[in-house]
S.K.: 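Take this structure, written in structure tokens, and hold onto it; I'll ask about it next.
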Amino acid sequence: MKLKSQINHVIENAFSKAGIPHKAMSVSEATKAEFGDYQFNGAMALSKKLGKNPREIANDIINHLDVTGLLSKVEIAGPGFINIWLNPLFVASECQLAVESERLNIAQRENPSKVVVDYSGPNMAKQMHVGHLRSTIIGDTLANLLHFLGDEVTRQNHIGDWGTQFGMLIAYLEMKDEDGSVSLKNLEIFYKDAKAEFDANPKFADKAREYVVKIQSGDAHCLTLWQKFIDISLGHCEEVYHKLNVNLSRKDVRAESFYNDDLSHVVSDLEKAGLLTQSQGAKCVFLEGDEIPVIIQKGDGGYLYATTDLAALRFRAKNLEADRICYVVDARQAGHFKQVFKVAKNAHFVDEKVKLEHIAFGTMMDKGGKPFKTRDGGTIKLIDLLDEAVNKAKDTINNKEQYTQEEIDALAKIIGIGAVKYADLSINRESNYIFNWDKMLSFEGNTSLYMQYAYARIQSIFRKYNAPINGKIIIGDALEHHLAVMLLRFEDMLNRTAIDASPNQLSTYLYELATLFMRFYEQNPILKEGINITEETKESRLALANLTAKTIKQGLDILGIEVVDKL
RNA sequence: GCACCUGUGGCUCAAUUGGAUAGAGCAUCAGACUUCGGAUCUGAGGGUUAGAGGUUCGAGUCCUCUCAGGUGUACCA
């Protein structure tokens, strides 16, 4: 439920009844338990505008506050904070609605947006490495989240399948004279071998250059070779997506080559709009305030990154009719996107009201805090990282449950992949990322395993109980109240996370929720032998545990992390 | 040179976008088990939020300067 807006509504009513000629600002979650569940800090801000003492204003507000139903207590504290306690009966009945609802009583958007999320974008000439991890899983999480909230999401995998290097690669594939299934097993080696041949053999180099032109002009033989190469390379990526539990498939691929035919139109349309300037032989757009222009067409007639991006932006805005376009790309390209977005709007390729967002994430650093260099060979292939994570997870499984080898494999996959994803998704995406193998594969503290464990414990209780869980939720003590309010905050948090496109808000929430549940569970036993609680209390606690489990599962599901009933 | 980003306990990160006494995890130390699953829970120590000014009822958050690090900076993507 949208808890905040309900409380805000009550405050707004008090504002109008009290005759305060201002819009009420939103309440926020209380920073401490002793301050209640929510707090309203607006009285201080209004003090100057109204020429009144903030405590007086706060008093005015609470005197006109309709506390029936929703709230149980309000209090003025400090300079004019209004502390708000929710009515336990209201909290209980809302939790009840959530636990009985298919989607935890979370509303689908009334006015869904059409959102394009551009993420992953691997280069077909190379194997995916650890640097591709962030774009892939942050983008996937964002797409999952927006979809869950009811937006119309289009995932776009803007793969790099076009450019001069492909002439060399397909010429080499042809030389190898096989279908590629052997030679393309390792793209790094294939690329290196092709490059060596290119440097050593002038005849081959000529052919490679010739093939570049031929692909671009639509030569059937070369296009067949090229298609074969792309298929195999894309197959490698799909293997990674599958292991990563990422929702990207072929239908989401809209490659660079897709926009190729439109590039000349981009140039002519910019020309018509009077935005193009010849400079040093190239066709450029100069933007106000920028020293460096956006180069649209090179001196030799070739097109650039920016040209393709403009074509893609126009396609997404006009053909896909997007209201919001999110680019999940490394923060180092901030300047590029700032410029391209501006050009797209100036040229009316994209309507002014369309939101263009660069969902930037920090650079991958090594342990010494230096940027991870892709050229120095030091890259770790993504697929190897994932396999390592799964192997490491296998070692940590204490085989109390007497699993079969097959079950262990399945479990290790869920734990290991979850750990890798969570390690990444739980940190603020904008800060630089220190790549640390140990931390990434650790299963202690704030990791996905903690949430998975909490979930499994709850399922274990249900197995023991072995009866339908449909009791009534009653808030029995402060800890239960705290847990229940946390559960009701889920929807507000998801909406905030969607606006900011910051998965770490979701992971922080889940960790807090799981921690709170563990405390609740230690303090308030449910089925423990020898305890003396009423049947009502037991059923209420079971229902709260059930809602906790459902919420954890739903949250992890958005992050693309699976849960299991037994660990 | 110019522009942008970052700087929070020993380490890795939070901080509801300007709110009350800056919170977690790891590590360290001390507790709780014939476990409703110990992959857990309870507690302790550890901070002048890089530094100096400023704005205001109130600053880790906004402004200015300094220092340190990172990134970008015309035909690669």
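Order of the sequence lines fixes the chain letters, A, B, ..., with proteins taken first and strands second; residue numbering starts at 1 for each chain.
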S.K.: May I have the distance from A:Y453 (atom OH) to B:rG38 (atom C1'), rounded to whole angstrom?
M.R.: 6 Å
S.K.: Can you give one letter per nucleotide of nucleotides 5-13 of chain B, 5' to 3': B if a protein heavy atom sits under 4.0 Å from the base, S if only from the sugar-phosphate, - if neither?
M.R.: -------SS
S.K.: Could you tell me whether A:D565 and A:R463 have a side-chain N and a carboxylate O separated by less than 4.0 Å?
M.R.: no
S.K.: Using a 4.0 Å heavy-atom cut-off across all strands, classify A:Q333 as base, sugar-phosphate, or nothing.
M.R.: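 Base contact - A:Q333 has a heavy atom under 4.0 Å of at least one base atom.
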S.K.: Mind checking A:Y455 for me? I need base, sugar-phosphate or nothing, with any heavy atom below 4.0 Å counting as a touch.
M.R.: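 Nothing, no nucleic acid heavy atom in range.
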S.K.: By the 4.0 Å heavy-atom rule, please label A:L304 as base, sugar-phosphate, or nothing.
M.R.: sugar-phosphate
S.K.: Would you call the rings of A:F229 and A:F166 parallel, tilted or perpendicular, taking 30° and 60° as the class edges?
M.R.: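 It falls in the perpendicular class, over 60°.
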S.K.: More 5' along RNA chain B: A:A514 or A:Q459, using each one's nearest nucleotide?
M.R.: A:Q459
S.K.: Are A:Y327 and A:F341, when compared by the centres of their aromatic rings, separated by less than 6.0 Å?
M.R.: yes
S.K.: Using the C1' atom in both, what is the distance from B:rU55 to B:rC11, to the nearest Å?
M.R.: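 Each nucleotide's C1' atom is 35 Å from the other's.
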S.K.: Say you pick atom C1' in B:rU21 and the same atom in B:rG10; how far apart are they, in whole Å?
M.R.: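 Their C1' atoms lie roughly 24 Å apart.
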S.K.: Output yes if the stacking criterion (under 5.5 Å between centres, under 30° between planes) is met for A:F81 over the base of B:rG19, else no.
M.R.: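 Given the distance and angle limits, no, they do not stack.
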S.K.: Mind checking the P distance from B:rA27 to B:rU40? Whole angstroms is fine.
M.R.: 11 Å
S.K.: Is A:A334 touching bases, backbone alone, or none of the nucleic acid, heavy atoms closer than 4.0 Å?
M.R.: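 Touches nothing.
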S.K.: Look at the side chain of A:I461 and decide which nucleotide, out of B:rA20, B:rU40, B:rC36, has an atom nearest to it.
M.R.: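 The closest nucleotide is B:rC36.
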S.K.: B:rC76 base stacked by A:Y305? Criteria: ring centres under 5.5 Å, plane angle under 30°.
M.R.: no
S.K.: Output one line per pair: protein atom, nucleotide atom from nucleotides 54-58 of chain B, and distance, for all N/O pairs under 3.5 Å.
M.R.:
unit_1 : atom_1 : unit_2 : atom_2 : d
B:rC57 : OP1    : A:K48  : NZ     : 3.2

S.K.: Rounding to an integer number of angstrom, what distance separates B:rU6 and B:rA44 when you compare their P atoms?
M.R.: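 Between the two P atoms, the distance is 34 Å.
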S.K.: For a quick check of understanding: with a heavy-atom distance under 4.0 Å over all strands, which category does A:S279 fall into, base, sugar-phosphate or nothing?
M.R.: base
S.K.: Could you give the distance separating B:rC65 and B:rC26 at their C1' atoms, to the nearest angstrom?
M.R.: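 Nearest-Å result for B:rC26 against B:rC65 at atom C1': 37 Å.
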S.K.: Using a distance-only test with no angle check, is there a side-chain donor-acceptor pair under 3.5 angstrom linking A:N260 and A:Y303?
M.R.: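 Not at all, the side chains of A:N260 and A:Y303 share no donor-acceptor pair under 3.5 Å.
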S.K.: Of all the nucleotides listed (B:rA39, B:rA77, B:rA74), which has the minimum atom distance to the side chain of A:Q280?
M.R.: B:rA74
S.K.: For A:L187 and A:A125, which heavy atoms make the closest approach, and how far apart are they?
M.R.: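 So the two residues come closest at CB-O, 4.2 Å.
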S.K.: Looking only at heavy atoms, which two atoms of A:S448 and A:A419 are closest? And how far apart?
M.R.: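 Nearest pair, atom of A:S448 first, then A:A419: OG-N, 3.2 Å.
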S.K.: Which part of the nucleic acid, if any, lies within contact of A:D330, taking any heavy atom under 4.0 Å across all strands shown: a base, the sugar-phosphate backbone alone, or nothing?
M.R.: nothing
S.K.: Do A:T307 and A:I296 have side-chain heavy atoms sitting under 4.5 Å apart?
M.R.: yes
S.K.: Between atom OH in A:Y422 and atom C1' in B:rA39, what is the gap in whole Å?
M.R.: 15 Å
S.K.: Can A:V294 and A:K342 be said to form a side chain to side chain contact (heavy atoms under 4.5 Å, CB included), step by step?
M.R.: CA-CA 10 Å; A:V294 184; A:K342 218 188 239 172; over 6 Å; no
S.K.: If you check every side-chain atom of A:T396, which of B:rA39, B:rU17, B:rU40 has the closest atom?
M.R.: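 Given the options B:rA39, B:rU17, B:rU40, the side chain of A:T396 is closest to B:rA39.
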S.K.: Is the base of B:rU8 syn or anti, where syn means the angle lies within 90° of 0?
M.R.: anti
S.K.: Between A:W162 and A:I215, is there a side-chain heavy-atom distance shorter than 4.5 Å?
M.R.: yes
S.K.: NA contact type, A:D500, heavy-atom cut-off 4.0 Å: base, sugar-phosphate, or nothing?
M.R.: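 Answer is base: heavy atoms of A:D500 come under 4.0 Å of a base.
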S.K.: Rounding to a whole Å, what distance do you find between A:K342:NZ and B:rC4:C1'?
M.R.: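 Roughly 13 Å, once rounded to whole Å.
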S.K.: Pull out every stem in RNA chain B, meaning runs of 3 or more consecutive Watson-Crick or G-U wobble pairs with both distances under 3.5 Å.
M.R.: B:1-7 with B:67-73, B:10-13 with B:23-26, B:28-32 with B:40-44, B:50-54 with B:62-66
S.K.: Does the ring center of A:Y465 lie less than 6.0 Å from the ring center of A:F462?
M.R.: no
S.K.: Just list the side-chain donor-acceptor pairs under 3.5 Å for residues 534-542 of chain A, sequence neighbours left out, or say none.
M.R.:
unit_1 : atom_1 : unit_2 : atom_2 : d
A:T534 : OG1    : A:T537 : N      : 3.1
A:T534 : OG1    : A:T537 : OG1    : 2.8
A:S540 : OG     : A:I474 : N      : 2.9
A:S540 : OG     : A:I474 : O      : 3.0
A:R541 : NE     : A:E480 : OE2    : 3.1
A:R541 : NH1    : A:P525 : O      : 2.8

S.K.: Report which part of the nucleic acid A:Q39 touches: base, sugar-phosphate, or nothing (heavy-atom distance under 4.0 Å, all strands).
M.R.: base
S.K.: Considering only nitrogen or oxygen atoms on both sides, find all protein atoms under 3.5 Å from nucleotides 42-51 of chain B and state each distance.
M.R.:
unit_1 : atom_1 : unit_2 : atom_2 : d
B:rU42 : OP1    : A:R519 : NE     : 3.3

S.K.: B:rA77 P sits how many Å from A:D118 CG, rounded?
M.R.: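 Going from CG in A:D118 over to P in B:rA77 covers 16 Å.
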S.K.: Just N and O in the side chain of A:R457: are any of them under 4.0 Å from OP1 or OP2 of B:rG38?
M.R.: yes
S.K.: Report the nucleotide, chosen from B:rA20, B:rU17, B:rC36, that has the shortest atom-to-atom distance to any side-chain atom of A:K528.
M.R.: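 For A:K528, the side-chain atoms sit closest to B:rC36.
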S.K.: Between B:rA14, B:rC36, B:rU73, which nucleotide has the shortest distance from any of its atoms to the side chain of A:T508?
M.R.: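 Side chain of A:T508 sits closest to B:rA14.
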S.K.: Could you work out the separation of B:rC13 and B:rA74 based on their C1' atoms and round it to a whole Å?
M.R.: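 Comparing C1' positions in B:rC13 and B:rA74 gives a spacing of 39 Å.
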S.K.: Can you check whether A:I417 reaches A:V420 side chain to side chain, under 4.5 Å on heavy atoms?
M.R.: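 Answer no - side chains too far apart.
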S.K.: Could you tell me whether A:K394 and A:D409 make a salt bridge, using a distance below 4.0 angstrom between a side-chain N and a carboxylate O?
M.R.: yes
S.K.: Any side-chain heavy-atom pair from A:F286 and A:S279 closer than 4.5 angstrom?
M.R.: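 In short, these two side chains touch, coming nearer than 4.5 Å.
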S.K.: Report the relative orientation of the aromatic rings in A:H336 and A:Y305; use parallel for angles under 30°, tilted for 30 to 60°, perpendicular for over 60°.
M.R.: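 Rings of A:H336 and A:Y305: parallel, under 30°.
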S.K.: Taking the same atom, C1', in B:rA15 and in B:rG51, what whole-Å distance lies between them?
M.R.: 22 Å
S.K.: Could you check whether atom CD of A:E291 has more than 12 heavy atoms from other residues, nucleotides or ligands sitting under 6.0 Å from it?
M.R.: no
S.K.: Counting the atoms with a prime plus P, OP1 and OP2 as sugar-phosphate, which does A:D565 contact under 4.0 Å by heavy atoms, base, sugar-phosphate, or nothing?
M.R.: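 It contacts base atoms.
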S.K.: Out of B:rA74, B:rA77, B:rA20, which has the shortest distance to the side chain of A:I292?
M.R.: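 Comparing B:rA74, B:rA77, B:rA20 against the side chain of A:I292, the answer is B:rA74.
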S.K.: Does the side-chain ring of A:F35 lie flat on the base of B:rA20, meaning centres under 5.5 Å and planes less than 30 degrees apart?
M.R.: yes
S.K.: All N/O contacts under 3.5 Å from nucleotides 24-31 of chain B to the protein, with atom names and distances to one decimal?
M.R.:
none

S.K.: Strictly below 4.0 Å, N to O, side chains only: are A:D199 and A:K195 in salt-bridge contact?
M.R.: yes
S.K.: Using a strict 4.0 Å threshold on nitrogen-to-oxygen distance, state whether A:D290 and A:K338 make a salt bridge.
M.R.: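 So A:D290 does not pair with A:K338 through a salt bridge.
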S.K.: For A:E522 and B:rC36, what is the distance between atoms CD and P respectively, to the nearest whole Å?
M.R.: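 Rounding to the nearest Å, CD of A:E522 and P of B:rC36 are 9 Å apart.
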S.K.: Determine the interatomic distance between C1' on B:rG9 and the same-named atom on B:rU28; round to the nearest Å.
M.R.: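 Comparing C1' positions in B:rG9 and B:rU28 gives a spacing of 13 Å.
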S.K.: RNA chain B: A:R429 or A:I295, which has the more 5' nearest nucleotide?
M.R.: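 That would be A:R429.
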